[in-house]
Asker: 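Sending over a structure as structure tokens; questions will come in a sec.
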Amino acid sequence: MAYQITDGCVNCWACEPLCPSQAIQAAKPHFIIDPSQCSECAGDFAEPQCASICPVEGAILDAGGKPVNPPGSLTGIPTERRAAAQAEIRAR
Amino acid sequence: MVQAVTTLETGRRTTESASTGGCASSGCGSSTDKLAHLPAAIRAKVNDHPCFSEDAHHHYARMHVAVAPACNIQCHYCNRKYDCSNESRPGVVSELLTPEQAVQKTLAVAAAIPQMSVLGIAGPGDPLANPERTLATFRALSEKAPDIKLCVSTNGLALPALVDAICEHNIDHVTITINCVDPEIGAKIYPWIFWNNRRIKGVKAARILIEQQQKGLEMLTERGVLVKVNSVLIPGVNDEHLKEVSRVVKAKGAFLHNVMPLIAEPEHGTFYGLMGQRGPTHDELQALQDACSGDMAMMRHCRQCRADAVGMLGEDRGAEFSIEKIEQMDIDYTAAMQRRAAVHAEIEAKRQAQRQAQYEKREQAMQPQRGEVFVGLDSLTRRRPKALSNAQPGVSESSAAATVTPAPTRRAGRALRIAVASSGSGVINQHFGHAHEFLVYEVDDQAVRFVGTRRVAAYCSGDETCGDGESALAGTLRALDGCTVVLCSKIGIEPWDVLEAAGITPNGEHAMEPIEDAVAAVYAELAAAGHLAEFETQTALSA
């Protein structure tokens with residue numbers, strides 16, 4: 001069982017030093033979690049550290065492949081609003 | 001990330017007037033008095049710091065190195081996707097550096113730009129959320145370039161835990177971004193923080209952040225570290241509240257308060273940008289700065305620069321110093337440091353001569369005009385208050401005074417706003433069409449005071465998803481809103497006509513003159529010609 005980093009990752013390094021298992025590595029195009037090392041922080045922290053500091057919604061998936069921080073959960077930006085703004089910008 | 005700027009700062013990307021009682025006019029003595037209580041050693045610390053001293057920013061350069069990508073909080077004006085090479089705003093960088101690369105880059109820049117006096121770390125995240133990378137950079141630089149001042153900018157969350165490390169590394173300028181002292185307001189600015197291994201949201205998060213910021217501020221000032229406070233003015237969220245912030249941080253010993261306008265566009269992908277939160281108008285920003293200035297020395301020359309900015313405050317030469325280019329450079333570090341010392345000495349000699357000339361001119365002017373109500377140009381006070389206007393100008397006194405330009409408590413004559421194109425050295429020396437920004441001064445029959453800068457390039461001028469497509473000149477006109485005259489070294493016929501049609505008078509007759517002398521001279525010329533009333537009408541109409 002392991003967490004996973006998606007291509008939403010902005011390579012900000014915030015998670016890397018927090019991992020109690022040293023499972024996170026800098027890589028290209030984005031950071032990765034070594035699934036053989038990841039313990040989901042069991043026994044070390046009440047909450048998975050990488051997902052608790054990651055600033056990007058959707059960038060970290062749990063063992064079931066679900067985003068730990070789904071859209072809107074961190075920024076408070078409603079998904080419809082984001083989609084509408086992106087459409088407006090593209091239309092310009 | 002960081003919204004710092006000038007400093008440095010943290011937080012990434014991104015209204016009532018003066019007279020709070022007492023005497024705050026630059027003509028009446030309070031401006032220098034506010035800093036006069038500071039020891040000479042502290043005044044000397046800001047003498048060549050372009051971000052802590054408005055006068056110094058005409059002469060000295062700074063740079064930021066982007067070694068700190070991680071952040072421990074989220075601000076609604078920040079989007080953590082930091083890698084944009086086209087935008088000029090806090091928290092944005094082109095390439096992230098390792099501490100080793102940052103040291104190499106700093107030494108290369110300090111060799112190529114000998115006016116450089118300050119190295120700051122301001123992101124693109126929070127420098128103190130990346131303590132190893134940040135401190136390793138400072139440690140190496142304090143050995144290899146001991147003449148360069150070290151600065152850090154932070155959101156303050158990790159500050160109390162790192163105050164001792166900051167002091168050990170000879171970092172004697174710190175900027176804390178403090179947007180509020182009320183957790184209810186904080187909850188509207190900060191959606192979450194990472195604290196004690198948990199993500200915390202809402203009012204609780206804001207309360208912890210505010211506590212840590214205030215504690216860090218107190219600890220630093222107790223240890224004699226110079227602290228600047230940056231605040232982002234967010235209309236409808238913290239605008240009125242910033243007056244209280246200013247009072248509180250001043251009481252705790254902050255040296256300077258820098259109220260910056262919110263930068264929020266949908267393209268930035270920030271909460272405020274996407275939710276349609278507007279930034280303040282020029283007038284709203286100035287009014288709030290004026291309102292705060294009764295309590296606090298205000299900084300008005302901040303350019304809200306990138307976390308990898310290089311050069312004088314108004315410019316960014318970062319592209320000349322990419323890691324790839326630096327690796328090709330062959331630098332003699334010892335010779336570079338000697339050259340810096342020589343160039344800094346020249347700058348100081350020039351500043352001293354400028355002050356001496358102003359002093360003598362004023363002395364001369366005092367005699368025949370004493371007792372008159374109005375107004376030869378030489379009788380206008382610049383920034384030096386009367387209490388000290390007869391004293392010999394001294395370096396530290398003057399530089400300190402320069403950072404503090406409180407608002408007048410009353411409108412003495414008809415105040416005009418005059419925009420100036422300058423590429424540095426404190427003189428009018430830039431072609432109108434080459435200016436990326438204008439310095440704005442307010443002048444009446446009592447004083448000339450610097451009130452802010454207007455950027456004329458769009459914040460983002462990159463690919464098709466960035467710019468707004470508006471012509472450069474139209475953007476410039478909008479930026480110069482409220483100004484009645486533009487002083488520059490030269491100007492083309494086409495922009496001349498456009499400016500005149502918009503009610504702004506271009507003026508190239510004061511090229512190479514010291515800015516404040518020229519502003520005072522233009523005011524006196526307009527007054528003598530009886531033109532002030534018409535400008536006042538125009539200003540009122542455009543307001």
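Chain naming here is simple, since letters A, B, ... match the order of the sequence lines and numbering starts at 1 in each.
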Asker: Tell me, do P266(B) and Q86(A) make a side-chain contact under 4.5 Å, heavy atoms counted?
Answerer: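 No, their side chains stay 4.5 Å or more apart.
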
Asker: Salt bridge (charged side-chain N to carboxylate O under 4.0 Å, His left out): which pairs involve residues 34-51 of chain A, sequence neighbours left out?
Answerer: E47(A)-R198(B)

Asker: Under the side-chain hydrogen bond (donor to acceptor under 3.5 Å, both in side chains) rule, collect the residues that match up with D62(A), sequence neighbours excluded.
Answerer: none

Asker: Report yes or no: does R80(B) contribute a side-chain atom to a donor-acceptor pair with the main-chain N or O of V10(A) at less than 3.5 Å?
Answerer: no

Asker: Can you list the steps and then say if T75(A) with H76(B) is a side chain to side chain contact (heavy atoms under 4.5 Å, CB included)?
Answerer: CA-CA 7 Å; T75(A) 58; H76(B) 274 327; 5.6 Å; no

Asker: How far apart are the closest heavy atoms of L274(B) and R81(A), and which atoms are they?
Answerer: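 Smallest heavy-atom distance, with atoms named: O-NE, 2.5 Å.
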
Asker: In Å, rounded to the nearest 0.5 Å, how long is the span from SG of C41(A) to CG of N197(B)?
Answerer: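 Going from SG on C41(A) over to CG on N197(B), the span is 9.0 Å.
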
Asker: For residues 49-61 of chain A, give me every residue with a non-hydrogen atom less than 4.5 Å from any non-hydrogen atom of chain B.
Answerer: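 Residues Q49(A), A51(A), S52(A), I53(A), C54(A), P55(A) are the ones that qualify, each having a heavy atom under 4.5 Å from chain B.
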
Asker: Report the residues that fulfil ring-ring contact (aromatic ring centres under 6.0 Å, His included) with F194(B), sequence neighbours left out, ordered by chain and then residue number.
Answerer: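 None.
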
Asker: Select, from Q74(B), R133(B), K201(B), the one with the greatest count of heavy-atom pairs under 4.5 Å involving chain A.
Answerer: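 Highest number of pairs under 4.5 Å: R133(B).
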
Asker: Between A14(A) and A70(B), what is the shortest heavy-atom contact and its length?
Answerer: CA-CB, 3.5 Å

Asker: Which heavy-atom pair separates L74(A) from W192(B) by the least distance, and what is that distance?
Answerer: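 Heavy atoms of L74(A) and W192(B) come nearest at O-CD1, 3.4 Å.
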
